[in-house]
> 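Following this message is one structure expressed as structure tokens.
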Amino acid sequence: ELIDCFMDSTTNKAVITGIAQQIYGRGLEATDASKKPEQFAEMKRLLRNDCMRKICLDLKMLGEAALQVSYVGDKVGKVSHFPRETLRAEKMNDKGEVKNYYYAPDWSKVQRNSKLKKFPVFGSGAQNEIFIVKRYVTGFYYYSPADYNISYSILENEVACYLINDTQNGFS
């Protein structure tokens, strides 16, 4: 629904895009970049600008963002944006931790017997892991809600549909 409101409401899309651009700012920087130039260069190589822009947009639009961390040996080889809307958390364990996320390109087409790809969470030791960026909100254990309300977007879309229909029917 958040994505639909983003696509259907020009006002909502402009506001979210603008805030995401402000979150991104001038890109990723470090206060100690001059003291540790090799580490800073490695960070910039792993977290490319296009990836960071997508993360900022997902974080604002959806309330969360996802990164796929891939290892080469025991070192991080690649970090890339992963579309957050394609992931669902598995049930938490006894300690209240989500250990895996399941992937489907379109969750509306998933059936009970569908075979889903499983991604372990960051820190599991697997070759490909998912790191979820989200803010803490009391009572939201699996997913963090967006920090805005979509009621204006829905209203704007309803008014637009009404006006289009009115115009197509000769204002009668």
> As an exercise, state the distance from CG of Leu87 to CG of Asn100, rounded to the nearest 0.5 Å.
11.5 Å

> Please name all residues satisfying ring pair (Phe, Tyr, Trp, His ring centres under 6.0 Å) with Tyr148, sequence neighbours left out, ordered by chain then number.
none

> With rounding to the nearest 0.5 Å, note down the distance linking CG in Asn149 to SG in Cys5.
9.5 Å

> Could you give the side-chain donor-acceptor pairs of residues 102-126 under 3.5 Å, partners two or more places apart or in another chain?
unit_1, atom_1, unit_2, atom_2, d
Tyr102, OH, Glu90, OE1, 3.3
Asp106, OD1, Ser108, N, 3.1
Asp106, OD1, Ser108, OG, 2.6
Asp106, OD2, Ser108, OG, 3.4
Trp107, NE1, Thr86, O, 2.9
Trp107, NE1, Ala104, O, 3.3
Ser114, OG, Gln111, N, 2.8
Ser114, OG, Gln111, O, 3.1
Ser124, OG, Val121, O, 3.2
Ser124, OG, Ala126, N, 3.3
Ser124, OG, Glu129, OE2, 3.0

> If I take atom OG1 from residue Thr11 and atom CG from residue Asn157, how far apart are they, to the nearest 0.5 angstrom?
11.0 Å

> Anything under 3.5 Å between a donor and an acceptor, one on a side chain of residues 137-144, the other on a protein residue two or more places apart or in another chain? List them.
unit_1, atom_1, unit_2, atom_2, d
Tyr142, OH, Met92, N, 3.0
Tyr143, OH, Ala89, N, 2.8
Ser144, OG, Arg135, O, 3.0

> Return the set of residues passing salt bridge (Lys or Arg N to Asp or Glu O under 4.0 Å) with Glu1 (not counting sequence neighbours), or none when no residue passes.
none

> Tell me, please, which residues at least two apart from Asp4 pass side-chain contact (heavy atoms from CB on, under 4.5 Å).
Asp8

> Establish whether Leu155 and Tyr162 are linked, either directly or via other cluster members, by ILVMFWY side-chain heavy-atom contacts under 4.5 Å.
yes

> Pair up each side-chain donor or acceptor in residues 24-39 with any protein partner under 3.5 Å, not counting sequence neighbours, and list the distances.
unit_1, atom_1, unit_2, atom_2, d
Tyr24, OH, Asn49, OD1, 3.1

> To the nearest 0.5 Å, how far apart are CZ in Phe82 and CD1 in Ile130?
4.5 Å

> For the OG atom of Ser70 and the CG atom of Asn128, what is their distance to the nearest 0.5 Å?
4.0 Å

> Tell me whether Ile3 shares a hydrophobic cluster with Ile150, the cluster being built from Ile, Leu, Val, Met, Phe, Trp, Tyr side chains joined at under 4.5 Å.
yes

> Excluding sequence neighbours, so at least two apart, what forms side-chain contact (heavy atoms from CB on, under 4.5 Å) with Asn169?
Asn165, Ser172

> With clusters built from Ile, Leu, Val, Met, Phe, Trp and Tyr whose side-chain heavy atoms come within less than 4.5 Å, directly or transitively, what are the remaining members of the cluster of Ile19, listed by chain and number?
Val15, Ile23

> Can you give me every donor-acceptor pair (side chain of residues 50-61, partner residue at least two apart or in another chain, under 3.5 Å) with its distance?
unit_1, atom_1, unit_2, atom_2, d
Asp50, OD1, Arg48, NE, 3.4
Asp50, OD2, Arg48, NH2, 3.4
Asp58, OD2, His81, NE2, 2.7
Lys60, NZ, Asp147, OD1, 2.6
Lys60, NZ, Asp147, OD2, 3.1

> Check whether Val133 and Tyr101 end up in the same hydrophobic cluster, where Ile, Leu, Val, Met, Phe, Trp and Tyr are linked by side-chain heavy atoms less than 4.5 Å apart.
no

> What pairs with Thr17 under side-chain hydrogen bond (donor to acceptor under 3.5 Å, both in side chains), at least two apart in sequence or on another chain?
none

> Quick one: do Glu42 and Lys44 make a salt bridge, cutoff under 4.0 Å?
no

> Per the salt bridge (charged side-chain N to carboxylate O under 4.0 Å, His left out) rule, what does the pair list look like for residues 61-85, sequence neighbours excluded?
Glu64-Arg84

> Taking a hydrophobic cluster as the set of Ile, Leu, Val, Met, Phe, Trp and Tyr residues connected by side-chain heavy atoms closer than 4.5 Å, whether directly or through intermediates, do Phe131 and Val98 fall within one such cluster?
no

> Show me the pairs that pass salt bridge (charged side-chain N to carboxylate O under 4.0 Å, His left out) and involve residues 136-145, at least two apart or across chains.
none

